[in-house]
Amino acid sequence: MNGKPKVLVTARLHEDAMNSLRNLAEVTTLARQLAASKSTLLEIIHDFKGVIIGSLEPFDKEVIYAGDKLRVISRHGVGYNNVDVKAATQKKIYVTITPVLSETVADLTLGLIISVARRIPQAHKYVNEGKWGVETGFFTGTDIYGKTLGIIGLGRIGSAVAKRAKGFAMTILYYDLIRNLEMEKQLGLKYVSLESLLSQADIVTIHVPLTDKTMRLVGERELKRMKPTAYLINTSRGPTVDESALYTAIKDGWIAGAGLDVFSEEPINPKNPLLSLKNIIYTPHIASATQECRYKMSMMSVENTIRVLKRKKPLHYVTS
Ligand code: DGY
């Protein structure tokens with residue numbers, strides 16, 4: 001038996017990160033699907049001093065309190081809505097994050113905006129099915145250049161999206177709890193109320209963390225305020241949008257369509273009615289999934305863990 005601290009890894013980490021973790025800890029890996037089950041976590045958690053997890057593993061109060069030896073819950077990512085930070089803080093367990101993914105998530109956000117407005121995935125499928133041409137009219141999309149973008153949440157990711165949108169000569173509106181005068185000056189952004197953002201924007205994009213206050217932030221009332229020609233983009237967390245209202249909004253033409261990387265239930269239920277709509281495109285929560293970004297996330301999630309195990313402050317952590 002060796003005396004190394006035990007660390008459970010349920011996120012998919014780069015081999016370099018795994019190797020540096022193994023130098024210091026006895027590492028157990030568990031597939032994310034299994035770790036998404038609370039009963040599995042409850043059975044095994046008491047053994048571990050550290051965990052490195054994805055966005056689905058439910059680290060609620062019960063699981064955290066069952067982790068007698070737990071010193072660090074290291075999120076391989078920035079969203080921590082699956083961790084009860086208050087319970088962790090009470091137990092003096094660090095909850096760490098990896099804020100190195102903003103540019104990568106912003107890239108995918110722009111990808112979704114262009115894809116939904118120009119119907120790129122649907123056009124790809126069309127050609128793949130042996131068809132050709134713009135005769136359906138459906139493939140006559142809408143311009144992005146020069147349009148109005150509404151950013152809900154001007155944090156790290158929202159700001160990275162704003163910088164990109166400048167290249168498309170967009171008018172950029174934003175809504176946040178906190179005004180960012182520096183970004184307003186630097187990029188010419190306009191701070192507006194949520195209501196006026198929704199009614200003016202051609203594209204509305206959500207970049208808020210999931211909290212009690214942002215749960216279903218965009219519901220029926222908000223969708224009805226949007227232009228019938230507008231698109232909704234979500235790369236934050238699924239539950240920030242009321243999915244059944246979104247379904248009706250697209251089906252009944254309150255808005256023109258949506259581009260989604262996140263859903264209220266993940267993995268998505270194949271029977272989710274959103275999947276049956278034509279004017280919607282979706283990806284399986286891959287906004288941070290590039291080689292470069294996942295490498296940085298892997299290294300930082302391990303670095304955060306190692307630091308705590310060595311009784312040092314982690315690089316990035318959150319408290320309640
Ligand atoms: C995040 O960082 O929270 C992303 O959604 C990946 O988990």
Side-chain angles (χ1 to χ4, degrees), residues 8-14 17-18 29-36 41 50-60 72-85 88 94-112 151-161 205-215 217-218 232-241 243 258-268 282-305 314-320:
L8 174 68
V9 177
T10 63
R12 197 175 305 142
L13 300 186
H14 191 277
M18 285 298 271
T29 55
L30 184 67
R32 263 184 98 184
Q33 296 90 307
L34 292 175
L41 288 178
V51 289
I52 303 182
I53 63 170
S55 59
L56 296 178
E57 300 81 329
F59 274 76
D60 63 7
V72 55
I73 299 169
S74 169
R75 261 291 284 124
H76 176 256
V78 290
Y80 47 88
N81 51 291
N82 55 327
V83 180
D84 185 335
V85 179
Y94 274 113
V95 179
T96 67
I97 55 167
T98 60
V100 287
L101 45 74
S102 311
E103 304 301 336
T104 307
V105 174
D107 282 353
L108 189 94
T109 304
L110 264 292
L112 288 177
I151 301 177
I152 304 180
L154 194 77
R156 284 182 287 254
I157 298 172
S159 305
V161 170
T205 183
I206 308 175
H207 301 287
V208 293
L210 180 63
T211 65
D212 292 348
K213 292 199 179 71
T214 61
M215 183 77 82
L217 182 68
V218 176
L232 179 72
I233 307 296
N234 193 5
T235 55
S236 65
R237 284 293 184 266
T240 58
V241 176
E243 274 182 8
L260 309 174
D261 185 50
V262 287
F263 295 86
S264 54
E265 190 188 342
E266 293 181 11
I268 193 166
Y282 26 78
T283 44
H285 199 149
I286 55 162
S288 67
T290 64
Q291 306 284 348
E292 298 88 344
C293 186
R294 287 295 164 97
Y295 187 82
K296 287 186 275 181
M297 288 164 70
S298 293
M299 297 309 273
M300 187 175 279
S301 60
V302 163
E303 173 73 11
N304 280 331
T305 307
L315 299 172
H316 298 280
Y317 63 98
V318 292
T319 52
S320 71

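Atoms within a ligand are numbered from 1 in the order they appear, just like the ligands themselves.
Residue S288 places no N or O, backbone or side chain, under 3.5 Å from any N or O of ligand 1.
A donor-acceptor pair shorter than 3.5 Å cannot be found between the side chains of N304 and T98. Side chains of T205 and H207: a donor on one and an acceptor on the other come within 3.5 Å. Side-chain atoms of R75 and S301 form no donor-acceptor pair, as typed in the model, at a separation below 3.5 Å. Judged by distance alone, the side chains of T240 and T214 never bring a donor and an acceptor atom under 3.5 Å apart. A donor-acceptor contact closer than 3.5 angstrom links the side chains of R32 and S55.
R75 NH2, 2.9 Å is the protein heavy atom nearest to atom 7 (O) of ligand 1. Closest protein heavy atom to atom 2 (O) of ligand 1: V78 N, 2.5 Å.
Distances shorter than 4.0 angstrom do not occur between any heavy atom of M297 and any atom of ligand 1.
Minimum interatomic distance between F263 and E243 (heavy atoms only, all atoms of both residues): CA-OE2, 3.3 Å.
The ligand atoms of ligand 1 that sit less than 4.0 angstrom from a heavy atom of H285 are 4 (C), 5 (O), 6 (C). Atom numbering of ligand 1 starts at 1 in the shown order; those under 4.0 Å from a heavy atom of G79 are 1 (C), 2 (O), 3 (O). Under a 4.0 Å criterion applied to the non-hydrogen atoms of S55, ligand 1 contributes the atoms 7 (O). Less than 4.0 angstrom separates some heavy atom of G77 from each of these atoms of ligand 1: 1 (C), 2 (O).
Contact annotation for L101 and ligand 1: only side-chain heavy atoms (C-beta onward) come within less than 4.0 Å of the ligand.
Remark: Y94 OH is packed, more than 12 non-hydrogen atoms of other residues, nucleotides or ligands lying under 6.0 Å away.
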